[in-house]
Amino acid sequence: MMTRLITVFSILGLLFVPLATKAAPMSFHDFEFTSIDGQPLPAKTFAGKAVLVVNTASECGFTKQYSGLQALYDKYRDKGLVVLGVPSNDFGGQEPGTEGEIKEFCETNFNIDFPMTSKAKVKGEDAHPFYQWASDQVGMLGSPKWNFHKYLIAPDGSLKDWFATTTAPDAPKITKAVESVLPN
């Protein structure tokens, strides 16, 4: 008899316990960065825009990609593209400077005016949460292996594509991918 009562109350209890709601999937817009000037830079600032997130380094053999990134930004910014530079010292110690030194280098040598974040880790367990999320989305193959790895974010905050370091910003596949997610 006692077993039946416990069973009945257990069933009734389950009927009246609200079901746990499934958490909404995360998106790029759920993350926050710090700007290269030390100000909060929530990714939701870019909601409704396509974003090309690029981990950068000033002393890398691929540093010349800054020119191509700026050209891409210049070409598509009025159509809704943001290039977001994320300086990182994770690969070969090729971004040793302070945020001020990085900003001055980028502005002086490449006329960069797209947004940049403070230095961040982009690999490993202590990577910036965005990079942890992106790596989970694309797996090991699509995770940064070197400086100038690129992630393309759609206006809704979903990760749409990734491009290896060796893919130049003016490569046709980047242009095609960017054009396919532009909001305007």
What distance do [X] atom [atom1] and [Y] atom [atom2] have between them, rounded to the nearest 0.5 Å?
X: K123; Y: H149; atom1: NZ; atom2: NE2; value: 13.0 Å
X: E32; Y: T45; atom1: CD; atom2: OG1; value: 8.0 Å
X: K150; Y: L72; atom1: NZ; atom2: CG; value: 10.0 Å

Donor-acceptor under 3.5 Å ([X] side chain, [Y] main chain):
X: E104; Y: E101; value: no
X: K176; Y: A171; value: no
X: N109; Y: C106; value: no

Side-chain donor-acceptor pair present, [X], [Y], cut-off under 3.5 Å:
X: Q137; Y: K160; result: no
X: E95; Y: S88; result: no
X: D74; Y: Q70; result: yes
X: Y76; Y: E179; result: yes
X: N147; Y: Q94; result: yes

Going through the checks in order, is the side chain to side chain contact (heavy atoms under 4.5 Å, CB included) test met by V82 and I153? CA-CA 10 Å; V82 174; I153 308 296; over 6 Å; no

Is any side-chain heavy atom of [X] less than 4.5 Å from a side-chain heavy atom of [Y]?
X: L84; Y: L52; answer: no
X: V86; Y: V53; answer: yes
X: T175; Y: D170; answer: no
X: F33; Y: P40; answer: no
X: I112; Y: M116; answer: yes
X: R77; Y: D113; answer: yes
X: F110; Y: T63; answer: yes
X: K173; Y: T167; answer: yes

Salt bridge (Lys or Arg N to Asp or Glu O under 4.0 Å) assessment of D156 paired with K49: CA-CA 8 Å; D156 66 1; K49 296 184 179 284; over 6 Å; no

Show your reasoning for whether ring pair (Phe, Tyr, Trp, His ring centres under 6.0 Å) applies to W162 and Y151. CA-CA 4 Å; W162 63 270; Y151 287 119; 7.8 Å; no

Closest heavy-atom pair and its distance - [X], [Y]:
X: F91; Y: P144; value: CZ-O, 3.7 Å
X: D161; Y: A177; value: OD2-CB, 4.2 Å
X: A50; Y: P183; value: N-CD, 4.2 Å
X: A120; Y: H128; value: CB-CB, 4.3 Å
X: L152; Y: F163; value: CB-CE1, 4.1 Å
X: W133; Y: F28; value: CH2-N, 3.7 Å

Can you check side chain to side chain contact (heavy atoms under 4.5 Å, CB included) on D37 and K103, steps first, answer last? CA-CA 8 Å; D37 296 318; K103 181 178 179 183; 2.9 Å; yes

Run the ring-centre check on F31 versus H29 and record whether the distance is less than 6.0 Å. no

Are more than 12 heavy atoms, taken from residues, nucleotides or ligands other than K145, located less than 6.0 Å from that residue's NZ atom? yes

D90 and K121: CA distance, side-chain angles, deciding distance, salt bridge (Lys or Arg N to Asp or Glu O under 4.0 Å) verdict: CA-CA 6 Å; D90 283 357; K121 292 208 165 278; 3.5 Å; yes

Can you name the residues that form a side-chain hydrogen bond (donor to acceptor under 3.5 Å, both in side chains) with S135, not counting sequence neighbours? S143

Partner of I36 by side chain to side chain contact (heavy atoms under 4.5 Å, CB included), out of I102, T117, L41: I102

Could you state whether M140 and F130 fall into the same hydrophobic cluster, counting links through intermediate Ile, Leu, Val, Met, Phe, Trp or Tyr residues with side-chain heavy atoms under 4.5 angstrom apart? no

Would F62 and T56 satisfy side chain to side chain contact (heavy atoms under 4.5 Å, CB included), going step by step from the backbone distance to the final call? CA-CA 9 Å; F62 291 96; T56 62; over 6 Å; no

Go through the steps to decide whether T34 and Q39 satisfy the test side chain to side chain contact (heavy atoms under 4.5 Å, CB included), and finish with yes or no. CA-CA 6 Å; T34 300; Q39 300 301 310; over 6 Å; no

Y66 and F148: ring pair (Phe, Tyr, Trp, His ring centres under 6.0 Å), yes or no, with the steps? CA-CA 9 Å; Y66 270 128; F148 291 90; 5.4 Å; yes

